[in-house]
Every structure is written in C-alpha cells, then in structure tokens.
Amino acid sequence: MTTPITVKDNLQVKVRWATPEDASAIARVELSSSRFENRAHPFTFTHPQFTSLWVNRLKEGNYKTVLAFGAKTLYGFITFKDEIELGKILALYIDPLYMRHGIGKVLIQTAEQMVKMKGGVHIEVDVEVLNKGAISFYESLHFSQVSVKLGHLIVMRKEI
C-alpha cells in the first residue's frame with residue numbers, strides 16, 4: 001500500500017496501515033480538523049487523552065485505520081469500524097493544511113478497493129447535519145443520503 005499517488009500541487013501521498021505508534025499523529029489530525037465539522041457535541045478530549053484512545057483503538061481488532069502520509073507528515077486517515085467488508089467508515093479526517101488536495105478522495109478510493117476485495121457491496125459514513133463541506137465531498141463521490149440518526153447525523157452510503 002505504499003506506492004505514491006500524486007494529488008493536487010504535486011503532493012506525493014502514500015497509504016499504509018496505522019500502528020499504535022501513529023496514535024499521537026492521528027489524534028492531532030482529528031482534533032485539528034474536527035473544528036470544521038460543526039459537531040452537535042464537540043470533542044472535549046485533550047491531545048494526550050485522544051492519543052490514549054487511539055492507542056487502544058489501534059490495539060483492538062475492531063478498528064482498522066489507513067493513513068495517508070508524505071515525507072514526514074500525516075495528511076489524513078480513514079478508519080473502519082468492525083469488519084472491513086461491512087463498509088462502515090467510523091472516521092475520515094484530513095489535516096486542515098492539506099484539505100482540498102485530493103487526499104480524502106484517495107482514502108475513499110482505497111476504502112472502496114478494500115471493501116470490494118473483502119466481498120462488501122457498499123460503504124457508509126455518518127456525517128454531522130451541519131457539516132456542509134463533508135456532505136458536498138461525499139456527494140461528489142456519489143454517496144447518497146439514506147437516513148438521519150440521533151437527530152444530528154446523516155447516514156450516507158455508496159454502492160460499490
């Protein structure tokens with residue numbers, strides 16, 4: 001999974017599986033980009049607390065995370081909850097410095113390939129109702145809104 005992919009501005013992106021050693025960088029990206037989500041319930045974790053959470057997630061078998069990275073920087077990541085073939089994306093976060101460079105698209109394409117290889121037929125993600133940027137992003141990749149849950153999350157799905 002480490003063949004470089006060129007995105008906007010000739011940025012070279014590689015993808016690989018995350019390890020517990022990546023937890024601090026993952027926490028940094030999620031915390032810094034979460035402010036763009038218009039969350040109904042904003043994060044209250046500190047960076048050390050979030051790092052600990054990610055260490056635990058990465059050690060457990062039910063969170064599978066793929067990183068998009070470059071030279072010495074984590075650009076973003078995507079995480080599946082439970083088995084990949086179920087296609088349930090728990091998180092997709094891009095470092096704000098690298099938003100709108102095509103990294104999210106690379107991660108979604110990687111996710112689609114992984115789900116297909118495992119025999120899955122769709123991918124699904126929950127998006128905050130007020131997160132217009134994410135909704136537009138997913139719609140541009142042919143996701144459809146299928147339902148609303150908990151009053152603040154839109155379930156979006158793409159058949160693959």
Side-chain angles (χ1 to χ4, degrees), residues 1-39 42-60 62-82 84 86-118 120 123-128 130-143 153-154 156-158 160:
M1 287 202 309
T2 59
T3 303
I5 300 163
T6 303
V7 295
K8 185 177 175 187
D9 297 331
N10 290 319
L11 192 66
Q12 295 288 305
V13 178
K14 294 182 181 181
V15 296
R16 69 167 172 83
W17 291 108
T19 67
E21 291 76 24
D22 298 309
S24 179
I26 291 169
R28 178 192 57 79
V29 168
E30 187 166 358
L31 286 170
S32 65
S33 62
S34 68
R35 68 179 186 263
F36 296 96
E37 291 181 293
N38 295 314
R39 295 178 68 89
F43 290 138
T44 58
F45 290 106
T46 63
H47 183 263
Q49 291 169 324
F50 224 31
T51 298
S52 178
L53 173 77
W54 273 104
V55 166
N56 292 335
R57 282 180 173 174
L58 293 169
K59 285 183 176 179
E60 294 173 7
N62 60 337
Y63 292 92
K64 289 116 181 127
T65 301
V66 174
L67 306 179
F69 65 98
K72 295 178 183 174
T73 304
L74 176 61
Y75 299 137
F77 67 92
I78 191 166
T79 299
F80 287 100
K81 175 89 167 88
D82 301 317
I84 290 172
L86 298 177
K88 183 62 181 162
I89 298 170
L90 173 71
L92 171 64
Y93 285 96
I94 307 300
D95 183 313
L97 295 174
Y98 300 99
M99 288 179 174
R100 301 193 185 282
H101 279 80
I103 295 162
K105 183 177 179 180
V106 167
L107 287 168
I108 289 293
Q109 289 170 339
T110 301
E112 289 175 9
Q113 292 170 358
M114 293 168 63
V115 170
K116 250 185 192 176
M117 285 175 36
K118 294 283 189 174
I123 54 176
E124 186 176 283
V125 63
D126 297 343
V127 181
E128 292 282 336
L130 297 177
N131 190 346
K132 303 301 182 195
I135 293 167
S136 293
F137 166 74
Y138 288 113
E139 287 176 340
S140 77
L141 296 175
H142 308 290
F143 280 73
L153 295 172
I154 297 171
M156 299 189 76
R157 179 180 291 165
K158 178 180 182 180
I160 53 174

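Only this structure's heavy atoms are used, side chains among them; waters, hydrogens and symmetry mates stay out.
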Check for a donor-acceptor pair, side chain of [X] on one end and backbone N or O of [Y] on the other, with a separation under 3.5 Å.
X: His47; Y: Ser24; value: yes
X: Ser52; Y: Pro48; value: no
X: Asn56; Y: Leu53; value: no

Separation between [atom1] of [X] and [atom2] of [Y], rounded to the nearest 0.5 Å:
X: Asp82; Y: Tyr63; atom1: CG; atom2: OH; answer: 7.5 Å
X: Arg157; Y: Ile89; atom1: CZ; atom2: CD1; answer: 12.0 Å
X: Lys14; Y: Leu67; atom1: NZ; atom2: CG; answer: 13.0 Å
X: Ile78; Y: Gln109; atom1: CD1; atom2: CD; answer: 11.0 Å
X: Arg100; Y: Ile94; atom1: CZ; atom2: CD1; answer: 11.5 Å
X: Glu60; Y: Lys64; atom1: CD; atom2: NZ; answer: 10.0 Å

Flag side-chain contact, heavy atom, 4.5 Å: [X] against [Y]:
X: Asp95; Y: Arg28; value: yes
X: Val115; Y: Ile160; value: yes
X: Lys158; Y: Glu112; value: yes
X: Thr51; Y: Trp54; value: no
X: Val13; Y: His101; value: no
X: Ile108; Y: Phe137; value: yes
X: Leu90; Y: Arg57; value: yes

### Message
If the test is side chain to side chain contact (heavy atoms under 4.5 Å, CB included), which one of Asn131, Ile154, Ile123, Val127 qualifies with Tyr138?
### Response
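Only match with Tyr138 under side chain to side chain contact (heavy atoms under 4.5 Å, CB included): Val127.
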### Task
Among Thr65, Leu58, Leu92, Leu107, find the residue that satisfies the side chain to side chain contact (heavy atoms under 4.5 Å, CB included) test when tested with Thr79.
Thr65
How close do [X] and [Y] get, heavy atom to heavy atom, and via which atoms?
X: Asp22; Y: Trp17; result: OD2-O, 4.3 Å
X: Ser32; Y: Pro96; result: OG-CD, 3.3 Å
X: Val55; Y: Ala23; result: CG2-CB, 3.4 Å
X: Tyr75; Y: Leu11; result: OH-CD1, 3.3 Å

#### Entry: Contacts of type ring-ring contact (aromatic ring centres under 6.0 Å, His included), residue Phe80, not counting sequence neighbours
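So Phe80 forms no ring-ring contact (aromatic ring centres under 6.0 Å, His included) with any residue.
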#### Entry: Test ring-ring contact (aromatic ring centres under 6.0 Å, His included) applied to Phe36 - qualifying residues, sequence neighbours left out
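In terms of ring-ring contact (aromatic ring centres under 6.0 Å, His included), with neighbours along the sequence ignored, Phe36 is linked to no residue.
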### Task
Determine the interplanar angle of the Phe43 and Tyr93 rings, folded into 0 to 90°, and report it as parallel if under 30°, tilted if 30 to 60°, perpendicular if over 60°.
tilted
### Message
Whether the Ser34 and Glu37 side chains hold a donor-acceptor pair (N or O, under 3.5 Å, no angle test) is what I'd like checked.
### Response
no
### Task
For atom NZ of Lys88, decide whether the heavy atoms of other residues, nucleotides or ligands shown that lie under 6.0 angstrom number more than 12.
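Result for NZ/Lys88: enclosed.
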### Message
Assess the residue pair Val66 and Arg16 against the criterion (side chain to side chain contact (heavy atoms under 4.5 Å, CB included)); give the C-alpha distance rounded to whole Å, side-chain angles, the decisive distance to 0.1 Å, and a yes or no.
### Response
CA-CA 5 Å; Val66 174; Arg16 69 167 172 83; over 6 Å; no
### Task
With salt bridge (charged side-chain N to carboxylate O under 4.0 Å, His left out) as the test, would you mind laying out the steps for Asp126 and Lys81 before giving the verdict?
CA-CA 12 Å; Asp126 297 343; Lys81 175 89 167 88; over 6 Å; no
